[in-house]
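I have placed the structure first, in the form of structure tokens, so that the comments after it can refer back to it.
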Amino acid sequence: RLQVSLGTVRAVMRQLAQDGRIRALQGSGTYLVSNKASASRPFKIGISYPLSRLQDPDGWISRIGGGMFPVALTGEVVLEGISNNGTSADGIIAELSAKMSELDALVVLPYTGISHDSLIARYEDAGKPVVHIHPPSLTSTANFVSSDYFGASYELGRIWRETCRHLLILTSVSDLRSLTTAVSYQQRQAGLLSGLGTDFWNRSSLRICTTAGNEGTIDAGYRAMRQHLSECNEVPDAVFCSGDWLALGAVQAFQEAGIRVPDSVSIVGASGLDLSQTECPNLTRIRHELERVGQQAVEMAVTRITLKGGSLPGIVVPTSFIGGATTRPEENALMKIRPSSPVRFSPAAETAPAAP
């Protein structure tokens, strides 16, 4: 519009970047940062989780925290978590409400088991933008950063549509269709079913097995699969587990029943955890770039602040498959993972904490 050359535009953009006047975010765009924003105090961003628990070395959430903390180390933001005592739904909401006047924005993690709707509305109305880790609903399109749960499950369903006839979903969620079920679980199921396609049901079957007490441990997966095998004459060709701990328990149950993994049954976990200290470190599973999710959530909060609360398109972070020991060679080729070592399990069932 100003009728200047491309070289002039590039030179100005470089100068603006050096002056801290523009900020580029991968997958989002380039935004103007006001002089006031760049010269003011660091932005204080609330996290709906205790910061000390974000540093848990073995948990799912710690990897999200691992992406958040480097952003804070730049000096641009200060992270403010809730207290370790804020475990009840009412306590979390009350604490975040009390902190609202001190915060510039809020990043909401979905693992507190509470509805944040009223709290989020109060923050947004007060000009304190909110960013979600995982979309808050299946219809959400803005102000969230999420791993690609649907896409990963869709790809797995597309692969199994060609290689399997009898599938099983092993989950710790009692009702996958409930509106109160975490969006990530709903996206996993929807992606798998979409990948299988409508013609799958004309020649194949799918069953759902739920653990007792909605537990997501190795022992819970082991017990649920043993019970399923004792009650059902049909051995599945493949099992999709909503968590890696459940998948490890399922592998052990099949091995003890004399059913070879992966020759007779393929097993895939959905969490992508570090299993290096387990009996099956190369379990086939979905790898989630959780550090990137945490980083981009904080960066989106900063951008929304500089945009005076303006909404931004949701960001979906791509996934991949890793492991390969519990899926067949032809499946590994389609998942683009290398073959791994055979599965080995000791007879004793182990226990481990559940992952979201």
Side-chain angles (χ1 to χ4, degrees), residues 49-50 53 56-64 87-89 92 109-115 134 147 149 152-153 167-189 192 206-232 236 238-257 259 261 265-281 283-286 288 290 323 326 343 345-356:
Y49 209 77
R53 293 172 64 182
D56 180 1
D58 299 320
W60 169 286
I61 298 177
S62 69
R63 291 180 55 203
I64 296 176
T87 54
S88 70
I92 293 172
L109 282 77
Y111 311 122
T112 48
I114 66 173
S115 173
H134 297 180
S147 188
Y149 298 104
S153 298
L167 301 185
L168 178 71
I169 295 176
L170 176 60
T171 178
S172 58
V173 178
S174 58
D175 187 358
L176 287 168
R177 298 166 297 179
S178 172
L179 293 177
T180 60
T181 300
V183 171
S184 59
Y185 281 97
Q186 297 181 61
Q187 289 181 327
R188 284 168 177 154
Q189 184 193 31
L192 185 68
L206 184 145
R207 298 174 182 268
I208 296 178
C209 178
T210 306
T211 61
N214 297 340
E215 293 184 39
T217 62
I218 294 177
D219 186 59
Y222 170 78
R223 288 184 279 107
M225 191 52 61
R226 281 196 60 181
Q227 181 176 350
H228 176 81
L229 292 174
S230 67
E231 296 176 351
C232 183
V239 182
F240 180 54
C241 304
S242 62
D244 292 352
W245 301 126
L246 294 181
L248 291 176
V251 171
Q252 185 173 355
F254 279 112
Q255 294 287 83
E256 290 187 3
I259 302 170
V261 180
V265 57
S266 294
I267 298 177
V268 175
S271 304
L273 302 177
D274 178 5
L275 304 179
S276 58
Q277 303 303 313
T278 71
E279 294 288 337
C280 187
L283 174 86
T284 303
R285 56 203 188 276
I286 299 170
H288 301 276
L290 299 177
T326 55
V343 180
F345 256 98
S346 61
E350 303 177 42
T351 58

From CA spacing to verdict: side chain to side chain contact (heavy atoms under 4.5 Å, CB included), E279, Q252
CA-CA 9 Å; E279 294 288 337; Q252 185 173 355; over 6 Å; no
Stepwise side chain to side chain contact (heavy atoms under 4.5 Å, CB included) test for F254 and V239:
CA-CA 11 Å; F254 279 112; V239 182; 3.9 Å; yes
Could you walk me through whether R223 and T211 pass the side chain to side chain contact (heavy atoms under 4.5 Å, CB included) check?
CA-CA 8 Å; R223 288 184 279 107; T211 61; over 6 Å; no
Show your reasoning for whether side chain to side chain contact (heavy atoms under 4.5 Å, CB included) applies to H134 and Q187.
CA-CA 10 Å; H134 297 180; Q187 289 181 327; over 6 Å; no
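Using a 4.5 Å cut-off on side-chain heavy atoms (C-beta onward), L170 and H228 make no contact.
Nearest approach of T210 to S172, heavy atoms of both residues: CG2-C, 4.4 Å. Nearest heavy atoms, C209 versus A224: SG-O, 3.8 Å. Annotation for R188 and S242: closest pair NH1-O, 3.5 Å, computed over non-hydrogen atoms. Here the shortest heavy-atom pairing between T278 and L275 reads OG1-O, 2.7 Å. Contact detail for C241 and A247: the closest heavy-atom pair is SG-CA, 3.5 Å.
Listed by chain and number, the residues in a side chain to side chain donor-acceptor pair (under 3.5 Å) with S266 are R328, E331 (sequence neighbours excluded). The side chain to side chain donor-acceptor pair (under 3.5 Å) test applied to S230 returns no partner, not counting sequence neighbours. T284 pairs by the side chain to side chain donor-acceptor pair (under 3.5 Å) definition with T326, T327, not counting sequence neighbours.
To the nearest 0.5 Å, atoms CG (L248) and OH (Y222) are separated by 14.0 Å. Note: F240 CZ to L206 CG = 11.0 Å, rounded to the nearest 0.5 Å. Atom-to-atom distance recorded for W245:CH2 and T217:OG1 is 10.0 Å, nearest 0.5 angstrom.
Remark: side-chain polar atoms of R285 are paired, donor with acceptor, to backbone N or O of L273 under 3.5 angstrom. Of the possible polar contacts, one joining the S271 side chain to the D244 backbone as a donor-acceptor pair under 3.5 Å is found.
A side-chain contact (heavy atoms from CB on, under 4.5 Å) with M225 is found for one member of I267, L168, L246 and no other, namely L168.
Note on ring orientation: taking the six-membered ring where Trp is involved, the planes of Y149 and H288 are tilted (angle from 30° to 60°).
Around atom CZ of R226, no more than 12 heavy atoms belonging to other residues, nucleotides or ligands sit under 6.0 Å away.
A side-chain N or O of S276 and one of D274 form a donor-acceptor pair less than 3.5 Å apart.
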